[in-house]
Amino acid sequence: MAIFKKIHTWLEVRLGIDDIVDKRLTGYLLPRNINAWYSLGSVLLVIFILQMVTGVLLLVYYVPDADKAFKSVSIIMNEVPFGWLIRMCHAVGSNMMVAVLLLHMLSTLFMGSYKSPRELNWLTGFILFNLVLATSLTGYLLPWSQLSFWATTVASNSAGAIPVIGPYLVEFLRGGKLVGPPTLGRFFAVHVTLLPLIIASFVGLHLFLLERIGVSSPPFGQQETKSTWTGDRFRYDRHSNGIPFFPNYLLQDGTSILIYLAIFSAIVFIDPYLFFPTTAFIPADPYKTPAHIKPEWYFLANYQTLKVFPSEVIGLLVQGVAMTFLALLPFIDRGKERHPLKRPVFMGCFVGGILLYFAMMIWGHFS
Amino acid sequence: MRTPLPTSISQLFVLCFALLALSLAIPCAARGETVCLQCHGAQTGRGGIPVKQWRNSIHDENGISCNDCHGGDPTDAVNAMSPARGFLGAPKETAIPAFCGRCHIGIMKDYLQSAHGKALGKGGPTCVTCHHAHDIHKVTLDLINQTNCSRCHTYERAAIIKNAMQQTEANISAIGSTIQNLKEQGVDTDRYEKGLFALRNSYHALFHEVNTAKVQGESGRINQELAKISGQLTQIDNEHRQRRIIGGLVAGLFLIGALFVHLLKKTYDQ
């Protein structure tokens with residue numbers, strides 16, 4: 001034990017770690033009624049790190065060339081030691097990241113945590129959600145399979161419906177009139193450099209905002225902490241009677257992360273093909289259109305929305321309005337009440353929105 | 001100079017008729033109906049029978065039409081059957097293997113080397129004796145049966161050949177579906193597919209062989225090779241099973257870890 005004491009003293013003298021521990025861990029108090037849903041942010045942080053690590057490992061063998069991409073992925077899956085595990089972790093992880101992000105956002109909505117003074121937390125989170133979707137879309141093309149080629153063709157085609165700039169936008173995205181080798185190059189560059197950098201920046205900003213303003217209290221459970229923020233000046237939302245982040249809530253984070261890892265590893269090892277249709281393992285063939293091209297599950301609702309309206313422009317417009325409304329929700333919904341049962345209109349929209357999203361997703365799958 | 005617009009009733013009538021004719025012609029062209037099919041298909045007598053038989057055949061399924069075998073011009077009703085346009089008509093009995101063999105080259109070779117082929121022109125069977133001329137279906141072992149074979153000789157030897165080949169076919173089919181399953185899981189099956197393709201060809205070459213000893217011997221060799229591929233595929237399948245077991249253990253360990261951390265948290269909460 002003397003050795004630990006020595007290390008502690010050495011670090012304390014140089015870094016003042018007792019102060020850091022006091023301010024950021026043991027002395028960092030959270031609302032007493034905080035629940036497990038608040039730990040989804042930590043789960044997402046773990047997923048992001050896992051995606052970064054597996055992505056870098058895949059880069060060792062992946063070749064971003066239309067003639068070699070599929071073969072290189074096949075080599076990763078079949079010849080590289082544990083290559084299948086790295087690839088499956090990355091591919092399944094991307095799907096799980098979207099799913100956990102959706103849960104995180106829904107819990108934030110349900111508990112009204114997006115409300116003033118946390119508008120910027122919501123906005124940065126919403127932007128992060130869209131960035132993750134963009135990362136998934138760009139990563140989807142990289143294996144250069146029939147699925148990735150045709151799903152990207154359909155997805156990039158949708159942008160063409162935007163009046164005036166649509167055709168130019170499609171050409172800009174694809175690097176040509178059609179999806180081809182330049183598209184792969186562009187998507188690869190954006191997927192491995194630009195988007196991870198932007199995402200990392202926004203994660204930093206999101207955490208900074210969280211730390212700066214303090215964690216919100218859930219609107220139910222023991223009402224031991226109440227926000228006294230009046231909007232006149234900046235005020236850190238401290239929870240003087242709360243529980244310490246370390247060890248109490250860090251253990252909750254640990255529980256949630258371990259439960260996530262259990263589900264994640266079960267899918268990766270037992271049925272990773274849950275997210276892979278047959279066309280995912282056939283090399284891209286621009287002259288052979290598969291019978292049923294469907295986007296990933298998280299784009300199915302968008303895909304079906306484009307189909308239900310008489311023109312794609314209206315479909316895009318409706319989605320644009322819905323997304324803008326969601327992004328600006330904290331600026332529109334200015335009421336102080338956060339308890340969901342005391343907000344019947346909000347609850348109606350919340351439940352209706354989820355049901356509509358799932359209905360469109362299922363319809364899109366079977367249409 | 002601008003063409004004057006049709007003003008008289010007769011000109012309008014001609015225009016309407018032309019449009020109607022065009023609208024009727026478009027669906028026909030869209031279906032790719034040749035003049036052979038249009039003319040013979042409409043016939044109720046002997047001339048229409050081949051079209052009816054062909055419509056149920058594998059040739060129709062694969063887009064092989066009358067002119068692909070019989071030659072001629074499928075776009076010109078007047079000269080469709082003109083020898084000047086390459087029309088061959090129906091082949092004589094001894095010319096049938098060469099007629100079919102223009103596409104089925106390997107099969108023709110196998111047939112000509114067999115006892116059936118050596119009896120060509122001496123009462124032996126030609127391609128159409130077993131496969132029919134127009135009502136041609138995908139070949140299965142069911143083609144070797146008491147009714148077909150007993151037309152010329154006893155069924156015993158044919159039955160021995162059929163038995164030997166049935167096992168091979170079952171093995172090929174089972175390995176084919178295993179390869180397909182593994183392919184859908186991202187396994188690089190190229191090598192196994194090529195091996196199976198070569199063995200399937202060897203197996204198909206036996207279809208026209210009537211030497212029972214040779215069929216049995218060759219079937220044995222093919223089955224041995226198939227067993228090797230099957231063994232390799234089983235190994236991959238076992239690896240996947242191992243992964244699932246390990247996955248279950250890993251997931252279980254994470255859950256135990258989660259329970260432990262949760263209980264630890266409870267102690268701090270108290």
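Below, chains carry the letters A, B, ... as their sequence lines are ordered, and counting in each starts from 1.
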Asker: Under a 4.5 Å heavy-atom cutoff, which of A/R87, A/Q252, A/M77 has the most pairs with chain B?
Answerer: A/Q252
Asker: Given a strict heavy-atom distance threshold of 4.5 Å, which part of A/Y273 is in contact with chain B: side chain, backbone, both, or neither?
Answerer: side chain
Asker: Does B/F99 have more than 12 heavy atoms from other residues, nucleotides or ligands lying within 6.0 Å of its CZ?
Answerer: yes
Asker: How far does NE2 of B/H240 sit from CH2 of A/W84, to the nearest 0.5 angstrom?
Answerer: 8.0 Å
Asker: Evaluate whether atom CZ of B/F87 has more than 12 neighbouring non-hydrogen atoms of other residues, nucleotides or ligands under 6.0 angstrom away.
Answerer: yes
Asker: CD of B/Q185 to CG of A/D271: how many Å apart, nearest 0.5 Å?
Answerer: 8.5 Å
Asker: Shortest non-hydrogen contact from A/F269 to B/I246?
Answerer: CE2-CG2, 4.1 Å
Asker: What do you reckon, is NE2 of A/H365 surrounded by more than 12 foreign heavy atoms closer than 6.0 Å?
Answerer: no
Asker: Between B/L255, B/I245, B/V187, which shows the greatest number of heavy-atom pairs under 4.5 Å with chain A?
Answerer: B/V187
Asker: Could you tell me which non-hydrogen atom of A/K71 sits nearest to which non-hydrogen atom of B/D188, and how far apart they are?
Answerer: NZ-OD2, 3.8 Å
Asker: Using every non-hydrogen atom in the two residues, find where A/I259 and B/A258 come nearest and quote the distance to one decimal.
Answerer: CG1-CB, 3.7 Å
Asker: Would one find more than 12 heavy atoms of other residues, nucleotides or ligands at under 6.0 Å from atom CZ of A/F246?
Answerer: no
Asker: Hey, what do you get for CG (A/L251) to OG1 (B/T267), rounding to the nearest 0.5 Å?
Answerer: 7.5 Å
Asker: Can you tell me how far CD1 of A/I270 sits from CZ of B/R243, rounded to the nearest 0.5 angstrom?
Answerer: 13.0 Å
Asker: For the CH2 atom on A/W37, are there more than 12 heavy atoms of other groups (residues, nucleotides or ligands in this structure) within a distance under 6.0 Å?
Answerer: no
Asker: Is B/K109 atom NZ crowded by more than 12 heavy atoms from other residues, nucleotides or ligands, each under 6.0 Å away?
Answerer: no
Asker: Which distance, rounded to the nearest 0.5 Å, do you find between the NZ of B/K183 and the OG1 of A/T278?
Answerer: 11.0 Å
Asker: Which atom names give the shortest non-hydrogen contact between B/G186 and A/F281, and what distance separates them?
Answerer: CA-CD2, 3.1 Å
Asker: As an exercise, state the distance from CG of A/N78 to CG of B/L182, rounded to the nearest 0.5 Å.
Answerer: 10.0 Å
Asker: So with a 6.0 Å cut-off around NE2 of B/H131, is the heavy-atom count from everything else above 12?
Answerer: yes
